[in-house]
Colleague: 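Pasting a structure below so you can have a look.
Here is how names work: the chains are called A, B, and so on, in the same order as the sequence lines, proteins then strands, and each is numbered from 1. We use all heavy atoms of the structure for the numbers below, so side chains are in, but hydrogens, waters and symmetry mates are not.
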There are 2 protein chains.
Amino acid sequence: MEREAFASLERISDVIGSGYGSSSSLVLDRERGELVKAPSKLEHKGVCHERSIEALRNHSEAERRRRARINSHLDTLRTVIPGANRKMDKAALLAEVIGHLKELRANATQACEGLMIPKDYDEIKVEEQEGGLNGIPYSIRASLCCEYKPGLLSDVRQALDALHLMIIRAEIATFGGRMKNVFLIISCNEHNFEDAEYRHFLSGSVHQALRSVLDRFSVSQDILATRKRRRISIFSSDFL
Amino acid sequence: MEREAFASLERISDVIGSGYGSSSSLVLDRERGELVKAPSKLEHKGVCHERSIEALRNHSEAERRRRARINSHLDTLRTVIPGANRKMDKAALLAEVIGHLKELRANATQACEGLMIPKDYDEIKVEEQEGGLNGIPYSIRASLCCEYKPGLLSDVRQALDALHLMIIRAEIATFGGRMKNVFLIISCNEHNFEDAEYRHFLSGSVHQALRSVLDRFSVSQDILATRKRRRISIFSSDFL
DNA sequence: CCAAACACGTGATCC
DNA sequence: TGGATCACGTGTTTG
């Protein structure tokens with residue numbers, strides 16, 4: 001019964017004396033396929049097995065509760081996942097969960113990339129549109145992210161109008177109380193758009209105009225900006 | 001079904017003879033706190049334990065592989081979930097997975113219901129708006145689902161203008177080459193909106209106007225209507 | 001020391 | 001039969 005024991009061995013079972021027996025462990029040495037004595041660190045020789053029984057009972061009950069929690073969550077996962085037939089491997093179920101999770105995540109990111117979702121922080125970006133767009137030699141692409149305000153568009157329009165600029169296309173996305181606008185802006189007048197300095201001046205003017213509009217709106221409601229996003233509604237429209 | 005055979009019993013341990021001993025099981029009767037002999041159905045007295053050992057080895061190895069699969073999936077879940085700190089309970093992790101799954105699903109459905117996604121088939125719906133909206137005594141809510149056409153809005157506006165009607169609010173959603181528009185329409189003139197017959201006439205006129213606009217647009221592109229939807233971009237805007 | 005969490009080996013069960 | 005999956009009780013570890 002006493003043989004060597006170490007590295008790659010597997011516990012087979014434990015012996016508990018019928019009444020208050022002494023405890024010892026047996027393990028299976030995998031390479032040799034023999035049963036050997038386990039190297040138990042706590043070799044409580046022959047003690048305290050009236051208490052031990054209650055401890056074991058608590059332990060097993062706790063473990064059962066743990067398993068119940070996990071399996072309960074697995075069951076609810078089975079109901080949440082669309083293709084979750086009631087009889088499915090735990091592993092297969094988890095794989096399915098991973099798949100659906102990635103799919104939903106891909107959809108979300110895809111919906112956010114074509115038209116990004118408003119950020120939590122205010123942001124103004126102005127950049128010259130590369131290459132003439134639709135026969136328009138020069139245009140500015142400006143994006144403005146801020147708290148949702150229905151009347152903001154007309155204000156932006158007015159501010160740009162004062163600069164003799166015009167919005168020829170706008171995309172507006174609202175999301176949980178915030179909004180992101182992307183404007184395509186052109187100049188009403190004829191100008192020398194080859195002049196880099198003038199283009200830079202235009203961009204700066206647009207940025208300044210948007211900033212002033214945003215400042216006018218973002219005076220009262222600031223604390224609620226960090227609220228959690230619950231409702232989602234992304235819209236858009238094309239004006240002409 | 002018979003999984004719970006030992007309903008109120010807990011197996012404590014199994015005894016395996018030193019070399020090729022006979023096997024027997026001990027269980028803990030939970031109510032009495034005593035160790036009793038387990039009701040083993042396969043009481044292989046003293047047989048075949050050269051093979052049994054190999055069988056056990058295969059069994060335990062298979063079980064280890066199974067655990068590895070499950071835990072592997074759990075690990076990948078830990079990486080997929082945003083708030084998945086590497087050290088998290090299995091149960092807590094699964095709960096988090098369920099939470100994120102429901103959140104994503106809620107987002108998806110909510111994004112589709114608040115502003116429905118365009119159907120694959122063309123559709124025109126006109127209905128009287130219940131209850132005065134924002135002090136407006138009477139209004140018509142019309143929805144139009146069709147192939148995406150940027151210039152459709154102005155055509156609708158013109159058609160309604162001929163009826164002395166006005167769009168006071170519009171929501172436009174585009175999705176994979178199709179679009180769904182919801183218009184809130186009021187009459188420019190003062191009328192007796194208590195007259196049910198007149199209201200019915202108005203609804204019919206709106207429907208007819210939308211139909212004519214839709215017919216004008218849906219002449220050339222019909223076959224591609226049943227294309228699969230890949231890109232998602234839902235937008236909206238409020239005009240004023 | 002206890003409580004919780006995990007991996008392990010095993011008996012039972014299903015196909 | 002055998003392979004695969006599950007629930008169980010236990011040993012071990014961590015805080």
Colleague: Can you list everything that forms a salt bridge (Lys or Arg N to Asp or Glu O under 4.0 Å) with A:Glu123? Sequence neighbours excluded, please.
Modeller: A:Lys180
Colleague: Among D:dC6, D:dT10, C:dC8, which is the nearest nucleotide to the side chain of B:Arg64?
Modeller: C:dC8
Colleague: To the nearest Å, give me how far apart CG (B:Asp89) and P (C:dA7) are.
Modeller: 11 Å
Colleague: So, using side chain to side chain donor-acceptor pair (under 3.5 Å) as the criterion, who are the partners of A:Arg66 when residues are at least two apart?
Modeller: A:Glu63
Colleague: Just to confirm, is there a sub-4.0 Å distance from OP1 or OP2 of D:dC6 to any side-chain nitrogen or oxygen of A:Lys87?
Modeller: no
Colleague: Could I get the full list of side chain to side chain donor-acceptor pair (under 3.5 Å) partners for B:Asn71, not counting sequence neighbours?
Modeller: B:Lys90
Colleague: Determine, step by step, whether B:Phe183 and B:Val126 satisfy the side chain to side chain contact (heavy atoms under 4.5 Å, CB included) criterion, reporting the C-alpha distance in whole Å, the side-chain angles of both residues, the deciding distance to 0.1 Å, and the verdict.
Modeller: CA-CA 9 Å; B:Phe183 304 121; B:Val126 178; over 6 Å; no
Colleague: Would a 4.5 Å heavy-atom cut-off, applied to side chains only, mark B:Leu210 and B:His207 as touching?
Modeller: no
Colleague: Output the rounded distance in Å from CZ (A:Arg57) to P (C:dA3).
Modeller: 12 Å
Colleague: Closer than 3.5 angstrom, by distance alone: can the side chain of B:Arg78 be matched with the main-chain N or O of B:Met88 as a donor-acceptor pair?
Modeller: yes
Colleague: Pull out every protein N or O sitting under 3.5 Å from an N or O of nucleotides 1-3 of chain D, one pair per line with the distance.
Modeller:
none

Colleague: Confirm from the modelled atom types if A:Glu63 and D:dA7 form a donor-acceptor pair under 3.5 Å, side chain to base only.
Modeller: no
Colleague: Please examine the side chains of B:Thr76 and A:Leu94, heavy atoms only from C-beta on, and report whether any two atoms are closer than 4.5 Å.
Modeller: no
Colleague: Could you check which residues of residues 67-74 of chain B get a heavy atom under 4.0 Å from DNA chain D? Sort them by number, please.
Modeller: B:Arg69
Colleague: Write down the distance between CZ (A:Arg78) and C1' (D:dC6), rounded to a whole number of angstrom.
Modeller: 11 Å
Colleague: Expressed in angstrom and rounded to an integer, what is the separation of A:Leu94 atom CG from D:dT5 atom C1'?
Modeller: 14 Å
Colleague: Let's test your reading of the model: under 3.5 Å, does the base of C:dG11 pair with the side chain of B:His59 as donor and acceptor?
Modeller: yes
Colleague: Residues two or more places apart in sequence or in another chain: which of them pass salt bridge (Lys or Arg N to Asp or Glu O under 4.0 Å) with A:Asp89?
Modeller: none
Colleague: Between atom CD1 in B:Ile53 and atom P in C:dG11, what is the gap in whole Å?
Modeller: 12 Å
Colleague: Of all the choices, C:dA12, D:dA7, D:dT10, which nucleotide is nearest to the side chain of A:Leu56 once you look at every atom?
Modeller: D:dT10
Colleague: Measure the shortest side-chain to side-chain distance between A:Val156 and A:Asn181 over non-hydrogen atoms and say whether it is less than 4.5 angstrom.
Modeller: no
Colleague: In whole Å, I'd like the distance from the CZ atom of A:Arg66 to the P atom of D:dA7.
Modeller: 12 Å
